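To keep things clear, I will list the structure first and then write my remarks on it.
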Protein chains: 2
Amino acid sequence: MNIPTLRQLQFLVALGETGSFSRAAEACHVTQPTLSAGIKELEDLFGVSLAERESRGATLTHAGEIAVARASALLADAHALVQAVTSAGALFSGPFHLGAIPTIAPFVLPQIVGQLTRRYPDLKLYLTEDRTHRLIDQLRARTLDAAFIALPWEAPGIEVMTLFDDEFLLAAPAGHPLSRKNGLSPEDLQGEDLLLLEDGHCLRDHAVSICRLKTGGGREQVAATSLGTLVNMVAGGLGVSLIPRLAADNGLALGPDVAIRSFVTPIIGRQVGIAWKSGSPREAEARTLGELVRQQLRAQINAASIT
Amino acid sequence: MNIPTLRQLQFLVALGETGSFSRAAEACHVTQPTLSAGIKELEDLFGVSLAERESRGATLTHAGEIAVARASALLADAHALVQAVTSAGALFSGPFHLGAIPTIAPFVLPQIVGQLTRRYPDLKLYLTEDRTHRLIDQLRARTLDAAFIALPWEAPGIEVMTLFDDEFLLAAPAGHPLSRKNGLSPEDLQGEDLLLLEDGHCLRDHAVSICRLKTGGGREQVAATSLGTLVNMVAGGLGVSLIPRLAADNGLALGPDVAIRSFVTPIIGRQVGIAWKSGSPREAEARTLGELVRQQLRAQINAASIT
DNA sequence: TACTAATAATTGGAATTATCAATTTTATTT
DNA sequence: AAATAAAATTGATAATTCCAATTATTAGTA
């Protein structure tokens with residue numbers, strides 16, 4: 001079955017409202033013949049006369065009245081559709097699936113989750129914590145819209161916005177020689193028992209590659225499953241470790257048994273970024289998230305410089 | 001605000017259903033580029049990406065899902081509109097205002113009202129009984145859709161369908177000389193006291209003009225207000241009268257005091273027709289009504305010939 | 001890595017359609 | 001009868017839709 005054009009229905013509604021072909025045409029910003037033709041098409045389509053033409057304008061027939069009533073409703077619905085879809089496409093409306101690796105998640109997500117849910121009431125935010133390659137897979141499968149990951153990381157088809165440098169700090173047991181040494185440099189790590197996260201965490205890979213250490217021998221087999229346990233192991237005197245400043249600044253290593261020292265020349269162990277699938281319609285939101293994290297960081301730095 | 005085309009919405013719904021631009025295009029009987037362009041227009045209009053293009057078809061975004069849902073509803077409504085308006089334009093649906101002159105109404109309306117309301121349940125039939133010129137005015141003002149009137153009657157802008165000839169019969173008091181005379185002819189009326197309806201009834205005019213009688217003098221001042229009283233006056237012996245066969249056949253003058261005689265050569269006093277305003281969208285219905293009356297008449301004649 | 005298959009985007013031109021200005025028709029009013 | 005007002009008609013033009021052919025992109029496969 002054929003259906004009319006919304007435009008023709010607009011014509012018809014205007015005709016009903018004005019009671020005149022000419023004035024209706026004016027209201028629709030077309031000429032009278034155009035509107036006339038539109039109405040005629042409707043009449044042909046319906047097989048019904050919609051208006052009686054008189055010397056003093058036009059009057060709707062019974063069928064015309066019905067048509068106008070329904071057409072008005074339809075047009076209103078069409079406008080509502082535009083509204084709904086437009087706002088559905090606004091930033092952070094509807095479901096958003098956000099991921100982060102375990103060494104970033106606890107230090108970044110809490111703050112921005114609060115902000116987001118406050119600023120975007122229509123947002124349904126789903127969080128996932130997993131290792132980088134799993135997150136990337138999920139981005140590709142579109143079960144994730146964006147993810148905070150640590151760089152460098154090569155991933156074709158994935159775009160990344162770099163957010164900030166995250167330098168490595170030394171975590172050593174209180175009283176350890178390195179905790180007192182001035183001018184700490186990477187070479188000082190030689191010979192130390194270096195504690196690392198278990199395999200699969202990108203933080204481990206970054207630490208290894210940056211410090212140019214060969215992983216081999218018995219001691220390095222000791223591997224923690226999370227940053228928290230890693231710090232605990234340091235506190236227990238099992239060795240030293242490298243932890244990202246992001247974690248340290250967020251209160252990971254507060255305690256009397258662990259000393260945190262920074263290197264003279266900062267060792268940029270990793271960068272933090274937000275990633276999304278190339279061409280994703282959520283890119284704008286991902287970038288907005290990135291901006292949000294940057295602002296968060298600036299606020300932290302300002303707060304630190306004040307105290 | 002701009003609104004989308006129903007066509008574009010059909011494209012979108014098809015895209016949602018098939019999950020593929022190509023297959024959606026096929027379903028819509030257009031080529032893939034055409035459909036692609038349609039979707040892109042929607043996306044521009046909404047300022048939102050509606051579908052993610054992949055190598056294996058397309059998947060709707062959140063906004064796309066919402067758009068498809070609403071678009072489906074809108075299209076369904078559009079179809080319903082076509083249905084509703086089309087059937088609203090069917091014969092005898094909605095209000096129909098029907099008029100008739102007093103000398104026709106009681107003999108025609110009862111039967112067809114029954115038939116109409118039975119056959120067209122959607123019909124709201126309004127009846128008006130008035131004199132011809134008032135009915136004509138109402139047709140012109142479109143407060144009436146059609147009217148049964150007696151012809152001849154000149155009325156510019158009014159179209160008439162002639163239904164049947166209605167000959168005049170003589171009504172005379174029982175025992176009156178004319179009630180026994182053979183070979184009755186119009187000339188026999190000369191010298192008789194001719195009773196007529198009051199001024200304004202077309203029946204009177206027709207009788208006067210057909211019988212070429214001058215109205216003048218005291219006796220003709222006697223005027224009845226309806227056919228019923230006219231017959232009663234004849235029965236009372238006040239004079240003779242002419243009544244239409246339509247009325248006589250429908251039992252108007254049944255009674256021992258009145259004799260009904262037909263003329264040798266039938267005097268076609270009037271014709272009955274149905275009238276409507278030229279160009280009225282109700283013309284088809286008016287003609288249908290006319291047919292209905294004709295059938296009615298045929299049925300009556302058949303019944304009469306059987307008995 | 002190159003090749004193939006599947007799919008969507010792009011492009012350019014042809015056919016269709018929509019639109020308008022001018023005119024005509026029709027009915028009403030003066 | 002002339003003037004007025006409104007809708008229909010007409011014919012030319014402008015806009016648009018639509019398609020065929022091509023290109024681009026991605027994923028799967030040898």
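Note that this is a predicted model, so its numbers are computed, not measured. The sequence lines fix the lettering, A, B, ..., with proteins before strands; numbering per chain opens at 1.
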>> Could you check whether A/Glu54 pairs with B/Arg142 (Lys NZ or Arg NE/NH1/NH2 to Asp/Glu carboxylate O, under 4.0 Å)?
In response: yes
>> Under a 3.5 Å distance rule, please check whether B/Glu285 uses its side chain to pair with a backbone N or O of B/Phe92 as donor and acceptor.
In response: yes
> Taking DNA chain C as the partner, which of residues 15-22 of chain A come within under 4.0 angstrom of it by heavy atom?
Replying inline: none
>> Just to verify, what does A/Glu291 make a salt bridge (Lys or Arg N to Asp or Glu O under 4.0 Å) with, not counting sequence neighbours?
In response: A/Arg294
> Checking B/Asp145 side chain against B/His97 main chain: does a donor-acceptor pair fall under 3.5 Å?
Replying inline: yes
> Which two nucleotides bound the region of DNA chain D that has atoms under 4.0 Å from heavy atoms of chain B, read 5' to 3'?
Replying inline: D/dC18 to D/dA27
> Given A/Arg53 and A/Phe21, is the side chain to side chain contact (heavy atoms under 4.5 Å, CB included) satisfied, shown in steps?
Replying inline: CA-CA 9 Å; A/Arg53 283 74 163 172; A/Phe21 279 69; 3.4 Å; yes
>> Can a donor-acceptor pair be found, under 3.5 Å and without considering hydrogens, that links the side chain of B/Thr162 to the backbone of B/Gly273?
In response: no
> Quick one: does A/Leu292's side chain get under 4.5 Å of A/Leu116's, heavy atoms only?
Replying inline: yes
> Taking C-beta and beyond as the side chain, do B/Val30 and B/Phe11 meet within less than 4.5 Å on heavy atoms?
Replying inline: yes
> When you measure from the side chain of B/Arg204 to the backbone N and O of B/Leu197, does any donor-acceptor pair fall under 3.5 Å?
Replying inline: yes
> With sugar-phosphate meaning primed atoms plus P, OP1 and OP2, does A/Arg7 contact a base, only sugar-phosphate, or nothing at under 4.0 Å between heavy atoms?
Replying inline: sugar-phosphate
>> Between A/Lys277 and B/Phe11, which residue's closest nucleotide on DNA chain D lies nearer the 5′ terminus?
In response: B/Phe11
> What pairs of residues pass the salt bridge (charged side-chain N to carboxylate O under 4.0 Å, His left out) test when at least one of them lies in residues 17-27 of chain B, not counting sequence neighbours?
Replying inline: none
> Does anyone know the first and last nucleotide of DNA chain C in reach of chain A, 5' to 3', at under 4.0 angstrom to a heavy atom?
Replying inline: C/dT19 to C/dT29
> Checking B/Thr59 side chain against B/Glu52 main chain: does a donor-acceptor pair fall under 3.5 Å?
Replying inline: no
> Does the A/Thr5 side chain pair with the main chain of A/Arg7, one donor and one acceptor, at a distance under 3.5 Å?
Replying inline: no
> In residues 29-45 of chain A, which residues come under 4.0 Å of DNA chain D by heavy atom?
Replying inline: A/Gln32, A/Pro33, A/Ser36, A/Lys40
> On DNA chain C, nearest-nucleotide positions of B/Arg53 versus B/Arg140: which is more 5'?
Replying inline: B/Arg53
> Side chain of A/Thr61, backbone of A/Leu50: donor and acceptor closer than 3.5 Å?
Replying inline: yes
